[in-house]
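Only one structure is covered here, and it is reproduced in the block below.
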Number of protein chains: 2
Amino acid sequence: MSNKILNNYISVDCVIFGFDFEKLNVLVVDRTLIKDNGEIDFTDLTLTGNHIYEDETIVEAADRIIYDLTGLRNIYLEQFKTFAAPDRLKKENDRKWLLFNDRNPDNRIVSIGFFALLATQKVTLEWKGRNVRWMPVDEITELGFDHKLILSEALIAMRNKLIHEPIGFELLPEKFTLTQLQKVYEIILDTTFDKRNFRKKVARMKYLIPLDEKQKGVAHKPARLYMFSREVYEKTRKEILNFLV
Amino acid sequence: MSNKILNNYISVDCVIFGFDFEKLNVLVVDRTLIKDNGEIDFTDLTLTGNHIYEDETIVEAADRIIYDLTGLRNIYLEQFKTFAAPDRLKKENDRKWLLFNDRNPDNRIVSIGFFALLATQKVTLEWKGRNVRWMPVDEITELGFDHKLILSEALIAMRNKLIHEPIGFELLPEKFTLTQLQKVYEIILDTTFDKRNFRKKVARMKYLIPLDEKQKGVAHKPARLYMFSREVYEKTRKEILNFLV
DNA sequence: TTTAATAAGTGTACTATCAACACTATCAAA
DNA sequence: TTTGATAGTGTTGATAGTACACTTATTAAA
């Protein structure tokens, strides 16, 4: 084994999940390079990533990436894994990498993976005119670099978190109905729940606050709207931890 | 904000937790530098870390670090977080860092944090004669660099995992008693459990296999020994996931 | 060989949560 | 006013959680 230590380039890659009440999407960047004669030289899709600047923390870099692409701040964001196989960007991808970067392919690229959760409707994709678009998770068959792997691991981490902690509402507008919340869980965890049992469970979660407000303009009985209260959540969480989980 | 991108040095830092039936310990490295005249120039404790070599994956580097320090392979290991504040190793620690390293302090040091779980008795600390020793977690008040922060985050991640997944036995010898297992949970989660209820719960976990073997040489009724079966665990886990968690 | 010390091992009654299941209410649009 | 669509609601049986005290098997000391 070689004991040589590589130079390393750090990038923060964000898997931005967006829910549109029907399916789970990921924000992808369309990298298309046009030749001088107008033909497409090369095209692929990648996750959204960037470098960490000199005076930034990792989280600041991730926040900046989210802001650049969506125009949004204070989005739910979680660091889930770091990727750094020595040859992860080489082999088949070398040429693509060099097309878009001037870096030395001998260096190792280390990606710190984050996932973000938001409601697609919050985002105006025309923001800054980037080649960015939503793509349903289950239609993504290929991504540039090793971003397919990063997406898979993000999905695992996100599902795991969704099962154990109340983050489902992060994929919905601030005010949401219980049916919408149930759909978040059903679609992401690929299952179905009994409506009455789901509501009984929600009723026990004191941090989901029922509002005196209903849906408007729907062609059926309008549903009551709910909000998440972080304050109540932190309080009950502490109580639980005091008596131990 | 500066858009300058730093050079980055990647290190893999391992928080090696060891349980000795009574308390949770961490493997720390004693860094003591002696002056020419025999006086101690400087001393502190740090976590165990190292660089990633050219042809290694992150996990291989972590495995190598564990092996170098303990002589053990196939230890439970989990990547939990990556640390990279721009000034994390500077300020007060600059001198210490330079004493032990020839690197440029302007570069950013990125640490990929792992935690490992094992029974202290498995380790022969004389291995390779390193300045390495066990230290009880709750006696660690200070560590070099920002390793105290890394330790805190490792503890949070480890406790969280311990609550949600069966990893407690990783801190015990291959064959263990239920009282030993109960103690793992009680000490790490800082609580107590009722013995009968704990055993009822364990009885439901089919992957904890009772053996036809008992403790020997103890001055009380000898306890039955148990083993973890990964095979049974993977099977029941799949069944659970099929019907959804 | 008896006794003391120590931890192992075991059951029950009550409460809370889980899981399965079907009908009525309210709104917009036709 | 009828139709279509989704909201909203209770009960029962099974499973898991919680609180609680005594007997048993072994070694060491008397």
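Proteins get letters first, then strands, A, B, ... in listed order; numbering begins at 1 in each.
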> With sequence neighbours excluded, what pairs up with E153(B) under the salt bridge (charged side-chain N to carboxylate O under 4.0 Å, His left out) test?
Replying inline: K81(B)

> Looking at R230(A) and E170(A), does any basic side-chain N land under 4.0 Å from a carboxylate oxygen?
Replying inline: yes

> How would nucleotides 6-14 of chain D be written as a contact map, 5' to 3', with B for base contact, S for sugar-phosphate-only contact and - for no contact, using protein heavy atoms under 4.0 Å?
Replying inline: BBBBBB---

> So, the side chain of Q180(B) versus the backbone of T177(B): is there a donor-acceptor pair under 3.5 Å, distance only?
Replying inline: yes

> Should the pair Y233(A) and F228(A) be assigned to parallel (<30°), tilted (30 to 60°) or perpendicular (>60°) ring geometry?
Replying inline: tilted

>> Angle between the end axes of the helix from dT1(C)-dA30(D) to dA30(C)-dT1(D), five pairs per end, to the nearest 10 degrees?
In response: 10°

>> Rounded at 0.5 Å granularity, tell me how far CZ in R73(B) sits from CZ in R64(B).
In response: 11.0 Å

>> Taking the basic N atoms (NZ, or NE/NH1/NH2) and the acidic carboxylate oxygens, is any pair closer than 4.0 Å for K148(B) and E142(B)?
In response: no

>> Please report the interatomic distance CZ(F198(B)) to CD(Q182(B)), rounded to the nearest 0.5 Å.
In response: 5.0 Å

>> For N25(A) and T120(A), which I'm curious about, is there any donor-acceptor pair between the side chains at under 3.5 Å?
In response: no

> Just the endpoints, please: which first and last nucleotides of DNA chain C, 5' to 3', lie under 4.0 Å from a heavy atom of chain B?
Replying inline: dA5(C) to dT12(C)

> Going by the side chain to side chain donor-acceptor pair (under 3.5 Å) test, which pairs reach into residues 205-228 of chain A, not counting sequence neighbours?
Replying inline: K175(A)-E213(A)

> Taking only residues two or more places apart in sequence, or in another chain, which ones meet D20(B) in a salt bridge (charged side-chain N to carboxylate O under 4.0 Å, His left out)?
Replying inline: K23(B)

